Student: 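Starting off with a structure, shown below.
These figures come from a predicted structure and were not determined experimentally. All values below come from the heavy atoms of this structure, side chains included, with hydrogens, waters and symmetry mates left out. Per chain, numbering begins at 1; letters A, B, ... match sequence-line order.
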Amino acid sequence: MEKQFPITKWVDENGNITGEDYKEMVTEELARTFYQHMIRIRTFDKKGISLQRQGRIGTYAPYEGQEASQVGSALALETEDWLFPSYRDHGAAMTFGHSLKNILLFWNGRNEGCIPPEGKNIFPPGIPIATQLPHAVGAAFAEKRKGTKNTAIVYFGDGATSEGDFHEGLNLASVFEAPVVFFNQNNRYAISVPMEKQMKTKTIAQKALAYDIPGVRIDGNDVFAVYFETLKAMDRARAGEGPTLIEAVTWRYGAHTTADDPTKYRDQMESERKRNETDPVLRVERLLKNNGWFDEAWAERMQKQAAEEVDAAVAEMESFPPADPADIFDHVFAEPTWQLQQQKQEYFQAKKGVPVWNQQQQ
Amino acid sequence: MESTTAVKKKTMTLVQAITDGMRTMLAEDENVLVLGEDVGKNGGVFRATDHLQEEFGEGRVMDTPLSEAGFIGAAIGMAVNGLRPVAEIQFLGFIYPAYEQIMTHASRLRSRTMGHFTVPIVIRAPYGAGVRAPEIHSDSTEAIFTHMPGLKVVCPASPVDAKGLLIAAIEDPDPVLFLEPMRCYRSSREEVPVGKYTVEIGKANKLQEGNDVSIITWGAMVPVASQAVKEMEAKGVSCELIDLRTLYPIDRDTIAASVQKTGRTVIVHEAHGTGGVGNDVLAIVNDTSFLYQKAPVERVTGFDSPVPFFGFEDEYLPTPARVKHAIEKVIKF
């Protein structure tokens with residue numbers, strides 16, 4: 001099966017273009033765009049971890065190492081497409097146009113973080129694993145029914161492929177011929193469980209065979225392969241040819257979230273080695289250098305620009321007005337039920353005086 | 001019932017009224033879409049979608065794979081993207097694979113996104129015992145759904161209510177679980193208005209006025225309680241019979257007015273007693289009318305066993321005799 005589903009690579013670890021066919025497509029302009037976006041979301045990710053360490057946001061799920069997968073795929077979308085992220089895909093969501101401030105608000109325990117900018121079809125992150133796949137199928141089906149060319153992309157990890165919703169989502173999409181791209185980031189660990197304990201198959205792409213849809217396996221750290229293969233899958237979907245399963249083979253350098261310690265379940269030297277050898281940002285930098293397209297001053301400018309943008313988002317997040325407890329009650333239904341109205345009234349009445357429960361505790 | 005343009009009526013069973021409700025909305029709103037297992041050519045295992053695919057085509061009345069979590073999840077995506085899906089679960093006992101999709105997404109998406117994304121879906125599910133169905137086909141687990149914030153739970157007992165509530169559910173901006181008492185599907189007929197009308201979600205129906213005791217029930221237990229009420233009336237006990245029709249949000253005001261008048265309360269439901277919706281009714285009696293009560297509230301419910309094989313289902317289900325016994329108990333207290 002590994003032979004049947006080889007890993008497609010456009011640019012190798014050393015920044016060399018792997019085939020003559022790709023040479024025209026791997027342009028300086030694209031390389032710079034990818035580099036800039038990857039720097040931007042990596043800067044955000046590093047900040048996310050440090051904010052958590054400082055107690056300025058809650059638990060945070062880092063994606064460092066997976067930037068090529070997230071940037072390459074998200075840049076392949078058209079403005080009106082749908083994006084269904086999991087909790088580790090805010091890199092993709094931000095690349096597609098989500099607000100950095102809102103993403104920070106999400107990680108800081110605020111519902112506002114689930115709201116995408118006006119006109120952007122970005123779902124709140126799927127938290128229970130794989131549950132977002134059927135949503136993407138439904139939203140894509142609705143686009144097809146409306147007669148648009150819009151598609152949906154849905155992100156999930158290797159562990160998600162063991163869930164029922166993965167199989168139900170792929171099967172439904174296949175039967176409905178829904179214009180959806182299933183974008184798997186195989187980072188080879190579901191929290192602590194390695195891929196070989198997750199599944200007997202050597203690839204995830206081969207699971208597409210069961211649904212009679214194309215399965216594509218790509219180097220998830222090669223942003224060019226990710227971008228062009230996602231584009232191809234999107235084009236198929238737009239042309240009414242149905243769904244595609246993409247397996248982007250990648251690696252998360254850090255922990256599952258800031259609440260766990262990866263040294264408990266794997267040798268983190270592996271992550272260090274990968275940082276030097278297969279890093280997605282370094283690869284584009286090498287490509288730029290190999291072709292004489294690299295400009296040190298420009299790269300520094302990009303770094304600085306990203307840091308400024310992220311810092312500004314952090315400032316916005318930290319100056320955001322405090323949560324209004326009325327929001328607990330007001331958004332459960334279009335019209336609050338009498339239960340919610342009563343509970344809200346009692347809550348605010350108690351808040352005006354010394355709450356009864358506080359008195360009891362004292 | 002709210003005023004409507006329809007005055008013509010047609011005799012229908014409860015299941016025919018449900019079909020008519022879907023037909024009415026499929027004709028009215030092109031975004032309404034019926035989906036589920038066997039709902040197409042077969043017209044549903046109970047024929048609730050009979051002929052709808054012929055009338056509206058495969059694009060509007062869709063057979064789905066056998067995939068409750070999958071198609072409820074897909075219905076959520078459809079609803080968020082402008083459609084109005086009406087999904088059929090063949091039996092309530094088969095809804096559990098979709099529980100996560102309903103609990104985590106359908107009922108919560110409005111709240112998560114502060115109203116940015118909403119999920120106007122209807123999930124129809126026949127429920128309850130008493131039709132000698134095979135094992136697992138007879139569950140009455142409404143309480144695990146009324147416990148779910150963000151979901152409305154509706155349970156009609158008559159053809160007129162079934163159609164009016166279904167149309168109201170389809171038009172509701174929030175997700176609605178629509179429970180259909182399969183025991184009542186074809187057990188009686190009623191004159192049902194032709195065309196569109198709605199019955200308000202959240203409003204109970206007082207089926208009979210009375211002064212001595214309030215009987216509060218819903219769904220397939222309405223005819224059972226009604227039989228008991230008739231027999232007690234013959235003995236000179238004046239019973240007020242209330243069909244809740246909506247289980248979330250429950251009609252507190254109708255319950256309070258009734259139990260304050262009668263001072264005695266009997267709650268009847270076929271679901272297991274522990275954690276049942278009857279306890280929420282009891283809490284309303286307690287919160288609104290504690291000092292009016294002349295006797296402890298009685299509950300007549302299914303047992304805390306799994307719904308048994310149909311060989312015992314008549315023993316499990318509340319009967320008019322059990323309801324009468326409870327009425328006598330609160331009267332004689």
Side-chain angles (χ1 to χ4, degrees), chain A residues 82 84 106 110-116 118 121 123-128 130-146 150 152 154 163-176 178 180 327-342, chain B residues 30-31 33 35 59-60 62-83 85 97-98 100-101 103-105 107-121 149-152 172-175 201-202 248-253 280 284 287:
Chain A
W82 286 79
F84 292 79
F106 174 80
R110 294 292 295 270
N111 289 62
E112 288 87 347
C114 287
I115 304 173
E118 194 58 39
N121 297 321
F123 230 56
I127 306 292
T131 55
Q132 69 275 22
L133 273 73
H135 305 159
V137 177
F141 173 86
E143 290 297 338
K144 185 182 168 186
R145 198 161 169 277
K146 289 180 202 170
N150 302 332
V154 55
E163 291 279 6
D165 278 358
F166 166 79
H167 297 279
E168 297 194 34
L170 264 68
N171 186 52
L172 279 171
S174 157
V175 172
F176 293 170
V180 56
D327 288 335
I328 296 173
F329 308 97
D330 292 348
H331 303 292
V332 184
F333 293 99
E335 293 293 329
T337 59
W338 64 261
Q339 291 90 336
L340 287 158
Q341 288 174 34
Q342 182 182 316
Chain B
E30 61 169 22
N31 289 321
L33 179 133
L35 75 164
R60 304 285 306 284
M62 300 167 54
D63 280 323
T64 64
L66 235 162
S67 180
E68 288 82 6
F71 74 75
I72 294 296
I76 291 167
M78 293 175 189
V80 163
N81 198 3
L83 300 182
E100 181 178 37
Q101 285 292 346
M103 176 74 192
T104 307
H105 299 292
S107 67
R108 212 184 295 230
L109 207 51
R110 175 188 289 279
S111 184
R112 288 185 82 199
T113 63
M114 303 172 80
H116 184 85
F117 290 120
T118 60
V119 188
I121 62 170
L151 181 75
K152 292 179 184 173
D172 199 279
D174 287 303
I201 293 174
Y248 191 91
I250 294 184
D251 184 347
R252 176 180 52 174
D253 296 344
D280 286 313
I284 289 171
D287 292 350

Student: Does any backbone or side-chain atom of A/Phe333 lie under 4.5 Å from a heavy atom of chain B? Answer side chain, backbone, both or neither.
Tutor: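 Its backbone and side chain both get close to chain B.
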Student: Using a 3.5 Å distance criterion without hydrogens, assess whether the side chain of A/Asn150 forms a donor-acceptor pair with backbone atoms of A/Trp82.
Tutor: no
Student: Is it the side chain or the backbone of B/Leu66 that comes within 4.5 Å of chain A heavy atoms, both, or neither?
Tutor: neither
Student: Need one label for B/Ile284: side chain, backbone, both or neither, based on atoms under 4.5 Å from any heavy atom in chain A.
Tutor: side chain
Student: I'd like to verify something: which residue of A/Gly138, A/Ala142, A/Ala178 has the highest number of heavy-atom pairs under 4.5 Å with chain B?
Tutor: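 The residue among A/Gly138, A/Ala142, A/Ala178 with the greatest pair count is A/Gly138.
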Student: Tell me whether A/Lys146 contacts the main-chain N or O of B/Asn81 through its side chain, where contact means a donor paired with an acceptor under 3.5 Å.
Tutor: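 Yes: the side chain of A/Lys146 pairs with the backbone of B/Asn81.
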Student: Which bit of B/Ile72 comes within less than 4.5 Å of chain A, counting heavy atoms only: side chain, backbone, both or neither?
Tutor: neither
Student: Atom CG in B/Asp253, atom CH2 in A/Trp338: separation rounded to 0.5 Å?
Tutor: 8.5 Å
Student: So for B/Thr104, is it side chain, backbone, both, or neither that comes closer than 4.5 Å to the heavy atoms of chain A?
Tutor: side chain
Student: Just checking, is any N or O donor in the side chain of B/His105 or A/Gln132 under 3.5 Å from an acceptor N or O on the other one?
Tutor: no
Student: Most heavy-atom pairs under 4.5 angstrom with chain B, which of A/Gly164, A/Pro128, A/Ala140, A/Ala152?
Tutor: A/Pro128
Student: Once you round to the nearest 0.5 Å, how far does CG of A/Asp330 lie from CG of A/Leu340?
Tutor: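 It comes to 9.0 Å.
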Student: Check whether B/Ala75 gets within reach of chain A through its side chain, its backbone, both or neither, counting any heavy atom under 4.5 Å.
Tutor: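 When you check distances to chain A, no heavy atom of B/Ala75 falls under 4.5 Å.
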Student: In terms of heavy-atom pairs under 4.5 Å with chain A, which of B/Glu30, B/Glu68, B/Lys152 leads?
Tutor: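 Of B/Glu30, B/Glu68, B/Lys152, B/Lys152 has the most heavy-atom pairs under 4.5 Å with chain A.
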Student: Heavy-atom distance under 4.5 Å to chain B: side chain of A/Pro336, backbone, both or neither?
Tutor: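 Neither part.
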Student: Will you find, in the side chains of A/His331 and A/Asp327, an N or O donor that is under 3.5 Å from an N or O acceptor?
Tutor: yes
Student: Any chance CD of A/Gln342 has more than 12 other-residue heavy atoms, nucleotides or ligands included, within less than 6.0 Å?
Tutor: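 Result for CD/A/Gln342: enclosed.
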Student: Below 4.5 Å from any heavy atom of chain B, which atoms of A/Ile328 appear? Answer side chain, backbone, both or neither.
Tutor: neither
Student: Quick one: of B/Leu33, B/Asn31, B/Asp172, who has the most non-hydrogen atom pairs under 4.5 Å with chain A?
Tutor: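 The candidate making the most pairs under 4.5 Å is B/Leu33.
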Student: What part of A/Phe84 lies closer than 4.5 angstrom to a heavy atom of chain B: side chain, backbone, both or neither?
Tutor: neither
Student: Which word best sums up how the rings of B/Phe117 and A/Phe123 line up, parallel for under 30°, tilted for 30 to 60°, or perpendicular for over 60°?
Tutor: tilted
Student: Check whether any side-chain N or O of A/Asn111 sits under 3.5 Å from a backbone N or O of B/Arg112 as a donor-acceptor pair, and report yes or no.
Tutor: yes
Student: Calculate, to the nearest 0.5 Å, the distance between atoms CG and CG belonging to A/Leu133 and A/Leu172 respectively.
Tutor: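 Atom-to-atom, A/Leu133:CG and A/Leu172:CG are 10.5 Å apart.
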Student: Counting only heavy atoms closer than 4.5 Å, note whether A/Glu118 contacts chain B via side chain, backbone, both or neither.
Tutor: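 For A/Glu118, no heavy atom lies under 4.5 Å from chain B.
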Student: Between A/Gly126, A/Pro124, A/Cys114, which has the largest tally of heavy atom pairs under 4.5 Å with chain B?
Tutor: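 Ranked by heavy-atom pairs under 4.5 Å with chain B, first place is A/Pro124.
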Student: Looking only at atom types and distance, does a side-chain atom of B/Ser107 sit under 3.5 Å from a main-chain N or O of B/Met103, one as donor and one as acceptor?
Tutor: yes
Student: Check whether A/Asp165 gets within reach of chain B through its side chain, its backbone, both or neither, counting any heavy atom under 4.5 Å.
Tutor: side chain
Student: Could you have a look at B/Ala74, B/Pro97, B/Ala79 and say which one has the most heavy-atom pairs with chain A under 4.5 angstrom?
Tutor: B/Ala74
